[in-house]
**Q** 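Got a structure for you, written out below as C-alpha cells; questions coming shortly.
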Amino acid sequence: MSMHRFVLGSAFVMAAAWMSSAYAAESVRYIAPGRPAVTLDAAALAKLPHASAKGATHGDPVSTWEGIALIDLLREQGAPMDKALRGGALAKFVRVTASDGYQVVFSLGELDPDLGAEKVLLANRRDGHPIDGSDGPYRIVVPVDVRAARWIRNVTTIELVDGSTPRQ
Ligand SMILES: Nc1nc2c(c(=O)[nH]1)N[C@H]1C(S)=C(S)[C@@H](COP(=O)(O)O)O[C@H]1N2
Ligand SMILES: [Mo]
C-alpha cells in the first residue's frame, strides 16, 4: 500500500473510532423484554420529574448534576416498582451501556424507593450546561459511589433484564 493511502486509511479509522467514542448518541435507547425499543431524547426526558445531585469523580471539584432519576424513567416505562417489585421481579436488573462498550448494572431493588432507595441519575447537565461530548450528552451519576466506576459516560442504551433462573 502506498504511504499516501496508508495515512488516509489510518486517519479514517482513527476518525471513526474518535467519533464513536466521543460523540455518543443524542438519545438513549430503552429496551425491555418483549417490547419494541424506545428512543428517549431530551424532549422525552424533559417530561419526567427533574432531579439533581451534587458529586464528583476522582479529585474533581464537586459539580451539580441535573437530569432525571433513573427510577422515574424505569417507572414511566412500566418496569416493576413500588408494590409490584416483589417475588420474581426482585431478580430484575438494569444494564446501562456506553458508546465505548463500557457497561454497568443496577438491581431494581437497589433503586426502588421502598428498598435500597439509592439515588442514581441519568444526567444531561453539569453545573448548568449540557454535559460536554467527552462525558455526555448523557451520564449516569451515583453520588453514593466512593469510586466513580458506575458513573458511566456517553450512555447509549438502558436495558431492563430478567436475571432470574428457574427454581431448582
Ligand atoms: N463510558 C465509560 N464510562 C466510564 C468509564 C469508562 O471506561 N467508560 N470508566 C468509569 C470509571 S472506572 C471511573 S473511575 C469514572 C471516571 O470518571 P472521570 O473520568 O469523570 O473522572 O468513569 C466511569 N465511567
Ligand atoms: Mo475507575
Side-chain angles (χ1 to χ4, degrees), residues 20-21 24-60 62-126 131 134-168:
S20 66
S21 62
E26 291 297 320
S27 57
V28 173
R29 255 181 350 140
Y30 178 79
I31 302 173
R35 288 180 30 186
V38 178
T39 301
L40 300 161
D41 57 11
L45 296 184
K47 292 185 189 137
L48 292 168
H50 176 265
S52 71
K54 287 190 195 305
T57 63
H58 297 297
D60 276 8
V62 170
S63 288
T64 299
W65 303 85
E66 294 171 82
I68 55 149
L70 183 55
I71 193 80
D72 288 333
L73 187 162
L74 295 167
R75 183 182 287 110
E76 109 126 350
Q77 292 300 324
M81 206 121 318
D82 309 313
K83 294 231 158 40
L85 185 53
R86 59 214 300 276
L90 286 164
K92 292 194 172 169
F93 64 88
V94 176
R95 176 168 55 219
V96 185
T97 303
S99 56
D100 63 353
Y102 191 75
Q103 296 186 312
V104 299
V105 306
F106 300 94
S107 67
L108 288 192
E110 73 179 291
L111 301 175
D112 188 281
D114 291 338
L115 301 176
E118 201 173 297
K119 188 165 194 173
V120 177
L121 300 190
L122 178 64
N124 63 350
R125 296 181 78 78
R126 175 183 190 169
I131 301 176
S134 59
D135 293 345
Y138 298 101
R139 182 173 199 176
I140 291 284
V141 168
V142 194
V144 77
D145 279 0
V146 175
R147 217 159 41 79
R150 295 189 298 178
W151 289 51
I152 177 169
R153 299 183 286 260
N154 315 123
V155 172
T156 58
T157 309
I158 297 176
E159 285 167 273
L160 181 63
V161 182
D162 185 353
S164 68
T165 55
R167 274 179 201 262
Q168 298 298 312

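These numbers come from the heavy atoms of this one structure, side chains and all, not from hydrogens, waters or symmetry mates.
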**Q** Kindly compute the distance separating CG (N124) from CD1 (I68), expressed to the nearest 0.5 Å.
**A** 8.5 Å

**Q** With rounding to the nearest 0.5 Å, note down the distance linking OH in Y102 to CD1 in I152.
**A**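 Going from OH on Y102 over to CD1 on I152, the span is 7.0 Å.
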
**Q** May I have all residue pairs that pass salt bridge (Lys or Arg N to Asp or Glu O under 4.0 Å) and include part of residues 73-86, sequence neighbours excluded?
**A** D72-R75, R75-D82

**Q** What is the distance from atom CG of L48 to atom CG of L73, rounded to the nearest 0.5 Å?
**A** 6.0 Å

**Q** Please report the shortest heavy-atom distance between I71 and M81, naming the atom on each side.
**A**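 Where I71 meets M81 most closely, the heavy atoms are CD1-SD, 2.9 Å.
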
**Q** Please name the pair of heavy atoms, one in V155 and one in V28, separated by the smallest distance, quoted to 0.1 Å.
**A**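 So the two residues come closest at O-CG2, 4.0 Å.
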
**Q** Please report the closest heavy-atom contact between G55 and W151, naming both atoms and the distance.
**A** C-CH2, 3.6 Å

**Q** Looking only at atom types and distance, does a side-chain atom of N154 sit under 3.5 Å from a main-chain N or O of G136, one as donor and one as acceptor?
**A** yes

**Q** Which atom names give the shortest non-hydrogen contact between P80 and L108, and what distance separates them?
**A**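 Of all heavy-atom pairs spanning P80 and L108, the closest is O-CD1, 3.5 Å.
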
**Q** Run I140 and L122 through side chain to side chain contact (heavy atoms under 4.5 Å, CB included) and show every step you take.
**A** CA-CA 5 Å; I140 291 284; L122 178 64; 4.0 Å; yes

**Q** Which pair of heavy atoms, one from R150 and one from D145, lies closest together, and at what distance?
**A**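 Between these two residues, the closest heavy atoms are NH2-OD1, 2.7 Å.
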
**Q** How far apart are the closest heavy atoms of L160 and P33, and which atoms are they?
**A**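 Minimum heavy-atom separation between L160 and P33: O-CD, 3.2 Å.
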
**Q** If you round to the nearest 0.5 Å, how far is CG of D114 from CG of L85?
**A** 9.0 Å

**Q** Ignoring hydrogens and angles, tell me if any N or O in the side chain of T157 forms a donor-acceptor pair with the backbone of R29 under 3.5 Å.
**A**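 Checking the backbone N and O of R29 against the side chain of T157, no donor-acceptor pair under 3.5 Å is found.
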
**Q** Test of understanding: with salt bridge (Lys or Arg N to Asp or Glu O under 4.0 Å), list the residues that count as partners of R95, not counting sequence neighbours.
**A**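 Listed in chain order: E159.
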
**Q** Return the set of residues passing side-chain hydrogen bond (donor to acceptor under 3.5 Å, both in side chains) with K54 (not counting sequence neighbours), or none when no residue passes.
**A** T64

**Q** Which residue pairs satisfy the side-chain hydrogen bond (donor to acceptor under 3.5 Å, both in side chains) criterion with at least one member in residues 42-52, sequence neighbours excluded?
**A**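 Passing the test, one end in residues 42-52: H50-E66.
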
**Q** I need the full list of side-chain hydrogen bond (donor to acceptor under 3.5 Å, both in side chains) pairs touching residues 31-44, with sequence neighbours left out, sorted by first then second residue.
**A** R35-Q77

**Q** Assess whether side chain to side chain contact (heavy atoms under 4.5 Å, CB included) is satisfied between V161 and V105, documenting all intermediate values.
**A** CA-CA 10 Å; V161 182; V105 306; over 6 Å; no

**Q** If the condition is side chain to side chain contact (heavy atoms under 4.5 Å, CB included), which residues does R126 pass it with, not counting sequence neighbours?
**A**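 D60, S63, W65, I131, D135.
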
**Q** Would R139 and T57 count as a side chain to side chain contact (heavy atoms under 4.5 Å, CB included) if you check the C-alpha gap in whole Å, the side-chain angles of each, and the deciding distance to 0.1 Å?
**A** CA-CA 12 Å; R139 182 173 199 176; T57 63; 3.7 Å; yes

